[in-house]
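What follows is a single structure, written as structure tokens, with notes after it.
Every heavy atom of this structure was used, including side-chain atoms; hydrogens, water molecules and symmetry mates were not. In what follows, residues are counted from 1 in the order of the sequence shown. As the structure is a prediction and not an experimental result, all values here were calculated from the model.
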Amino acid sequence: MIKQQAVKSKILSLVLFLQLALFQVVGAVDPPKAAERKPGQYDVAITRQVVDFMTRYHFDKKHRTLDEEKARFFLETYIKGLDNLNLFFLQSDVDQFMAFTKDLGVKTRNGDITLAHMIFDMFMQRLEENHQFANKMLDTHTFEFTDEARYLVNRRDAEPPKDNAEQRELWKTRLRYEYLQEKLNKTEHDEIIKTLKRRYERVHRYFRELDGDDVLQLYLSSLTRSYDPHSDYMGRHELDNFEISMKLSLQGIGALLSSPDGTCEIVRVIPGGPAAKSKKVHSKDKIVAVGQADEEPVDVVDMPLKKVVDLIRGAKGTEVRLTIIPAN
């Protein structure tokens, strides 16, 4: 059992976003936990409020209207936010999405975020396809470098692949490039394969763990950035973290956590914190269940890290019970 206490944190730098009104919008409701990336109960109302705020109160009075031109930039920003190197979406996918720009302004003002989820679902489909292809190639391909080949590392301004065949060739070249980078570091073949597989699995898991709140945040941040590059929409989790940084304190157990393989792992125990004082928690320990006070422990294996943190955090003085697998 560990009691929560205030853990002070130093802030090296702080970027202050001009969106206090948006904080009030989010703080006015208590959205339920999203399930399988479905739209939340309040997503329509939040979207309407954000559009209303940007179109009525943005400092640039001349460009407040969410017209077709701005809607196009809004949609392009969202697509780039998911696939910034043009590796996953096909050109046909992008063409299909951009066909919605004509009515996007009206639909967004009405709180309709159907397109956000449609695009994200297609992204997850392409991500899954290419993740499977990469794993298969790493298992079966013989990496030899006897020919001349080129790979464009920074593909931000490149065109998306036109079809599946072109995308497969692109990924073959990309994997060869990444394999060669490791080989030049004198890494053995088996270790290179493990490294690349872990790298792609992290990307795959990151997007797989995003929920409806995350999709809404990505979508509405793309909307606010279509007005200027300094305005962002913060979802519930981001808002909580922002408020913690503003207060320079949080209620917690005093441990830095990560999730390298789907299991919550303690990276570092903060000296003087509740975890350190308990003398039962150490670096490299894995947390497999969390219970607040006398409540039944919740299995947190394969649970997104931010949800594990939500379970661990509590009011000052409350108890949290961790079930751990010791590092040794």
Chi angles and distances behind the salt bridge (charged side-chain N to carboxylate O under 4.0 Å, His left out) call for Arg321, Glu319: CA-CA 7 Å; Arg321 300 178 184 275; Glu319 297 176 359; 3.4 Å; yes
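- At most 12 heavy atoms of other shown residues, nucleotides or ligands fall within 6.0 angstrom of atom CG in Asp157.
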Worked verdict on Ile324 versus Lys286 for side chain to side chain contact (heavy atoms under 4.5 Å, CB included): CA-CA 5 Å; Ile324 65 173; Lys286 295 184 182 295; over 6 Å; no
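- Looking at Lys80, its side chain does come within 3.5 Å of a backbone N or O of Arg156 through a donor-acceptor pair.
- Residue Arg155 comes nearest to Pro161 through the heavy atom pair NH2-CD, 4.2 Å, listed as atom of the first residue, atom of the second, then distance.
- Atoms CZ and CG, on Phe100 and Leu75 in that order, are 9.5 Å from each other to the nearest 0.5 Å.
- The ring pair (Phe, Tyr, Trp, His ring centres under 6.0 Å) check on Tyr219 picks up Phe74, Tyr78, with sequence neighbours excluded.
- Cluster partners of Leu152: none. The rule joins Ile, Leu, Val, Met, Phe, Trp and Tyr whenever side-chain heavy atoms lie under 4.5 Å apart, and it links nothing here.
- Atom CD1 in Ile287 sits 4.0 Å away from atom SG in Cys264 (nearest 0.5 Å).
- A donor-acceptor pair shorter than 3.5 Å can be found between the side chains of His58 and Asp228.
- Arg48 places a side-chain N or O within donor-acceptor distance of the main-chain N or O of Asn110, the cut-off being under 3.5 Å.
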Check against salt bridge (charged side-chain N to carboxylate O under 4.0 Å, His left out), Glu128 and Arg208: CA-CA 9 Å; Glu128 183 66 37; Arg208 197 173 62 232; 5.8 Å; no
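- Judged purely by atom type and a 3.5 angstrom limit, Asp285 uses its side chain to pair as donor or acceptor with the backbone of His282.
- Inspection of the Asn130 and Arg168 side chains reveals an N or O donor paired with an N or O acceptor under 3.5 Å.
- To the nearest 0.5 Å, atoms CZ (Arg176) and CD (Glu144) are separated by 9.0 Å.
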Candidate pair Gln91 and Glu159, rule side chain to side chain contact (heavy atoms under 4.5 Å, CB included), full reasoning: CA-CA 8 Å; Gln91 185 62 59; Glu159 294 294 325; 3.5 Å; yes
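- Side-chain polar atoms of Tyr151 and Arg174 form a donor-acceptor pair below 3.5 angstrom.
- Between Tyr200 and Trp171, the ring center distance clears the sub-6.0 Å criterion.
- In the model, His141 has no side-chain atom that pairs as donor or acceptor with a side-chain atom of Tyr179 under 3.5 Å.
- A donor-acceptor pair is defined here as one N or O able to donate and one able to accept, closer than 3.5 Å; no such pair exists between the side chain of Thr323 and the backbone of Val288.
- In this structure, Lys70 is positioned above the aromatic face of Tyr227, its NZ or CZ under 6.0 Å from the six-membered ring centre and within 45° of the axis.
- What you find for Pro297 and Ala289 is that their closest heavy atoms are CB-CB, 4.1 Å.
- No donor-acceptor distance shorter than 3.5 angstrom exists from the side chain of Asp213 to the backbone of Gly235, with no hydrogens or angles considered.
- Side-chain contact between Leu115 and Lys107 is absent, with no heavy-atom pair separated by less than 4.5 Å.
- To the nearest 0.5 angstrom, Lys194 atom NZ is 12.5 Å from Thr187 atom OG1.
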Intermediate values then yes/no, salt bridge (charged side-chain N to carboxylate O under 4.0 Å, His left out), Glu169 and Lys172: CA-CA 5 Å; Glu169 289 303 313; Lys172 283 181 182 178; 3.5 Å; yes
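- Side chain of Arg198 to main chain of Ile193: no donor-acceptor pair is present (N/O by atom type, distance under 3.5 Å, no hydrogens or angles).
- Without hydrogens or angle criteria, Ser278 side chain to Lys280 main chain gives a donor-acceptor distance under 3.5 Å.
- Checked by atom type, the side-chain pair Gln125/Asp121 shows no donor-acceptor distance below 3.5 Å.
- When atom types are taken as modelled, the side chain of Glu68 and the backbone of Thr101 share no donor-acceptor pair closer than 3.5 angstrom.
- There is a side-chain donor-acceptor pair under 3.5 Å between Asp112 and Thr114.
- Between Pro160 and Asn86, the shortest heavy-atom distance links the atoms CG-OD1, 3.9 Å.
- For the pair Pro39 and Ile113, the tightest heavy-atom approach, listed with the atom from each and the gap, is CB-CD1, 4.4 Å.
- Between Glu69 and Phe73, the closest side-chain pair of non-hydrogen atoms is not below 4.5 Å.
- The nearest pair of heavy atoms linking Leu210 to Arg37 is O-CG, 3.0 Å.
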Side chain to side chain contact (heavy atoms under 4.5 Å, CB included) between Leu170 and Thr173, intermediate numbers included: CA-CA 5 Å; Leu170 170 63; Thr173 310; 5.6 Å; no
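- A donor-acceptor contact shorter than 3.5 Å links the side chain of Asp93 to the backbone of Leu90.
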Residues Leu216, Tyr233; criterion side chain to side chain contact (heavy atoms under 4.5 Å, CB included); working and verdict: CA-CA 9 Å; Leu216 183 67; Tyr233 167 79; 3.9 Å; yes
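- For Phe123, the ring pair (Phe, Tyr, Trp, His ring centres under 6.0 Å) test picks out Phe88, Phe89, Phe207, with sequence neighbours left out.
- Judged purely by atom type and a 3.5 angstrom limit, Ser221 has no side-chain atom pairing as donor or acceptor with the backbone of Leu218.
- Considering every non-hydrogen atom in both Thr108 and Thr47, the closest pair reads O-CG2, 3.5 Å.
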